[in-house]
Participant: 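Below is the structure I would like to discuss, written out as structure tokens.
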Amino acid sequence: MTEIPDKPALEGLEAKWGSVWEEQGTYAFAREGAERGDVYSIDTPPPTASGSLHVGHVFSYTHTDTVARFQRMRGKRVFYPMGWDDNGLPTERRVQNYYGVRCDPSLPYVEGFVPPHEGGDGKSIKAADQQPISRRNFIELCERLTLEDEKQFEDLWRTLGLSVDWKQSYRTIGADSLRASQLAFLRNVERGEAYQAQAPTLWDVTFRTAVAQAELEDREQPSAYHTLSFHRTDGEGDILIDTTRPELLAACVALVAHPDDERYQNLFGTTVRTPLFDVEVPILSHHLAQQDKGTGIAMICTFGDVTDVVWWRELDLPNRAILGFDGRVISEAPEAITSERGRELFAQLAGKTVFSAKQLVVEALQASGELTGEIRKITHPVKFFEKGDKPLEIVSTRQWYIVNGARDEELRERLLAHGRELDWHPDFMRVRYENWVEGLSGDWLISRQRFFGVPIPVWYPLDDDGNPVYDAPILPSEAQLPVDPSSDLPAGFSEEQRGVPGGFVGEVDVMDTWATSSLTPQLAGGWERDPELYDLVFPFSMRPQGQDIIRTWLFSTLLRSELESGQLPWQNAGISGWILDPDRKKMSKSKGNVVTPAGMLEQHGSDAVRYWAASAKLGTDAAFDPQNPTQIKIGRRLAIKLLNAAKFTLGFDASGAGTVTEPIDRSMLAGLARVIEDATRAFENYDHARALELTESYFWTFCDDYLELVKERAHNGTGQDQASAVTALRAALSVFVRLLAPFIPFATEEVWSWFGEGSVHVAAWPESSELTALAGEDADPGLLDLVGGALIGIRGAKTAAKASQRTPVTLAVVQAPEQDRGRLASAAADLAAVGRIAELRIESADVDGVTVATIELEQPEA
RNA sequence: GCGCCUUUAGCUCAGUUGGUUAGAGCAUCUGGUUUACACCCAGAGGGUCGGGGGUUCGAGUCCCUCAGGGCGCACCA
């Protein structure tokens, strides 16, 4: 126990208690002797280590922490790890900007490499000025920087007071994660759930990597319709088609119209010649062609959009792709282009960007007279990589996929069933999951042509000509993991055989970052590493996360768990809402309205900020105005009030404390017992905001009414009257501190240290029986309210007379309904004391509620 | 286009299975330096619960419909 300061303050509590908790291991997972039923496990979202923390993080992580603290106090052994998502593109980009480098896998490793910059803000180093370095050097820098970033994140989380067990941390690029990630992949391959395929793939030309459906977003883009003339080979004239992508004309493989379209009925099965390139292509029918779009007949190119891919596949068309991985037109013209004019034009197009190619083709079409009418500007949605800034192209490449139910009705049904089985908080978030699962259009593409990630653990044999035999990948044994196929060897091969005919070659691609993040329950829980731990924590009790990553993180985690074990990875999913700025816009870095969390915590104190976060329900967006952080100020006030009320309460002589006998004392405790029950129920239902509201509201009643009513008796009273008040006050304080502990952990711990044993955060969550034992089963819970009503009347009369609340009252007559008269009278002494009433008469009368009928104030000396 | 959420006081939000006269905090105004707290206390004013229709003895709450705001999925010739 520590001494109560003269002037209790919030300042410094974060540092004071943060280090105590660390030393005492307050939040350590108590694994010894644990059974699954004792454990509450949390599948914490690993923040992107190279990103910056924003207010939204503080918001949602606080939600989770209140639950963790509640469960811990209820006696659960809480498994609350923290992970860092450090692999992937965000880290690569940050490393490029921070050190002024970029990865060039063709370069050799340089021992003791010193990067050209250190700590640049990133904006100043242009891509052209970045120093190319080897993949291994690049990855070393990624490792170095993420470790630094993680340290800063951890400091912030500690300041915020997250009750994480820091001994359970993991990194998504760490050796254990690498192994688990590759192991899960191998199992997927063995069960036929992971496979490779050569297929048209959505491709980001800036990052030169394939991307998955989950990483797409639509953006409205300006575009234009061009009307092109295709020439009927039967000489019966031209067919007009509208296209927004004339630059892909050289890749045209067919025209398509709806089978029911009367305008084109007699043309199905005939052919036309393309403008400029003079390639003969068929006119086909397909139900996806829309009669009311453009001229009702479209050109199919390899590949302008995903509909082209469907047509190409279903109509069994040839591939005449003309775009390369860099988004430029390739140098080799499709064989189908045979005319001299066509080949000449294509030679001019070669090497051009999509943008320049379009200009050139349009000019050529205008010159040849095959562009009809005006070019009509439109805007339309175009698919982008969510982190990219150029439209995605579609290129045909070999990639690894994991099944996700898009092409497997049975799997999809199982995934949907798991979605129904999971307890969502709030429940309606399930719909987002269902929308996503039902809308999946293809299996999950997990290959990324990047550097800092988990290597796909396969090699390919090389045939006698030195070409990889992709159909016969060589897999490592589970014991070999983790492996890096570009430096490790497949069994039975030697390093000399790398890259030579008859030898082997390692896969260079890495996995999608979600392919690792989808295994967070496995990574944190020690899957295939620490089976005893895994059995204790899996399936996890709780998955907290933001609503924006339901389709990525939540879905992919559920999928991997279903594939590996046929099981839901968690019992509950808690989905936090957005933080909105005062204009109701989602806060984001690009909009420049982000405040740094560290600054917020510094300025207002962690408890205050936590209060703000915790006062919002799961699934509900919260407005936040940095200029006027109302909720934070209220939280700060609450924390300060608790310190002061505790100091006051503990200042009364407690030598006679033991039993509670006064009706008003018993009433207050009975009311608080009810608050315990309601708040506990709210917490059990993942409604932390309700628990806070109930507690906070009664706490203010406690301070403003009860404490005022009894302070005279507690201070100057004698015998059992005094002892009753002090006993009730102390019991209530203990309960309030524990009820508020999940929300304002620093102030509550400070207060607890003045009278309690150990940490409040491992103290027992209050139970109503503690208080009913003191108050008695027959306590009158409504009495406090009733007396409070009389108190308001007396205060109001003084205020109306513009008199101080301290003004003595010579006579007050309080009227109450008959049934309330006796109840009110039981607190008459307290009421008279707080009102400084010399003569207090309580009468029964025909009134609706307690009414102050007469009040005579002592006249101040003139 | 399909769907989900949302609309309550100037602001931010509660409002449980339908049940007295719809609540809180902030802000505003009026008072008060009361031996815990001026980072305080007391009091007051402020709402046709987005519009319309319906069910019901009774609707902020349930149903229908329209409108605004946010979001998810789909749409890309």
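In the text below, chain A, chain B and the rest are named by the order of the sequence lines, each starting its count at 1.
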Participant: Just N and O in the side chain of Arg806(A): are any of them under 4.0 Å from OP1 or OP2 of U34(B)?
Facilitator: yes
Participant: Picking from G25(B), C71(B), C73(B), which would you name as closest to the side chain of Arg551(A)?
Facilitator: C73(B)
Participant: Which listed nucleotide (C73(B), A36(B), U30(B)) is nearest to the side chain of Trp436(A)?
Facilitator: C73(B)
Participant: What is the distance, to the nearest angstrom, from the NZ atom on Lys798(A) to the P atom on U34(B)?
Facilitator: 13 Å
Participant: In dot-bracket form, how is RNA chain B paired, counting a Watson-Crick or G-U wobble pair only if both its distances are under 3.5 Å and using | for bases paired to another strand?
Facilitator: (((((((..((((.....[...)))).(((((.......))))).....(((((..]....))))))))))))....
Participant: Looking only at N and O atoms, is any donor in the side chain of Glu696(A) or the base of A24(B) less than 3.5 Å from an acceptor on the other one?
Facilitator: no
Participant: Compare side-chain N and O positions of Lys711(A) against OP1 and OP2 of C41(B) and report whether any pair is under 4.0 Å apart.
Facilitator: no
Participant: Distance between the P atoms of U7(B) and G50(B), in whole angstroms?
Facilitator: 8 Å
Participant: Nearest whole Å is fine: how far is C71(B) P from Glu434(A) CD?
Facilitator: 22 Å
Participant: Using whole Å, report how far CH2 of Trp700(A) lies from P of G25(B).
Facilitator: 10 Å
Participant: Out of A74(B), C37(B), A14(B), which nucleotide sits closest to the side chain of Lys617(A)?
Facilitator: A14(B)
Participant: Return whichever of Leu288(A) or Leu440(A) has its heavy-atom-nearest nucleotide of RNA chain B closer to the 5' end.
Facilitator: Leu440(A)
Participant: Quick one: sort the Phe652(A) and His715(A) rings into parallel, tilted or perpendicular, breaks at 30° and 60°.
Facilitator: perpendicular
Participant: I want to verify a distance call: between C37(B), G25(B), C4(B), whose nearest atom is closest to the Asn644(A) side chain?
Facilitator: C37(B)
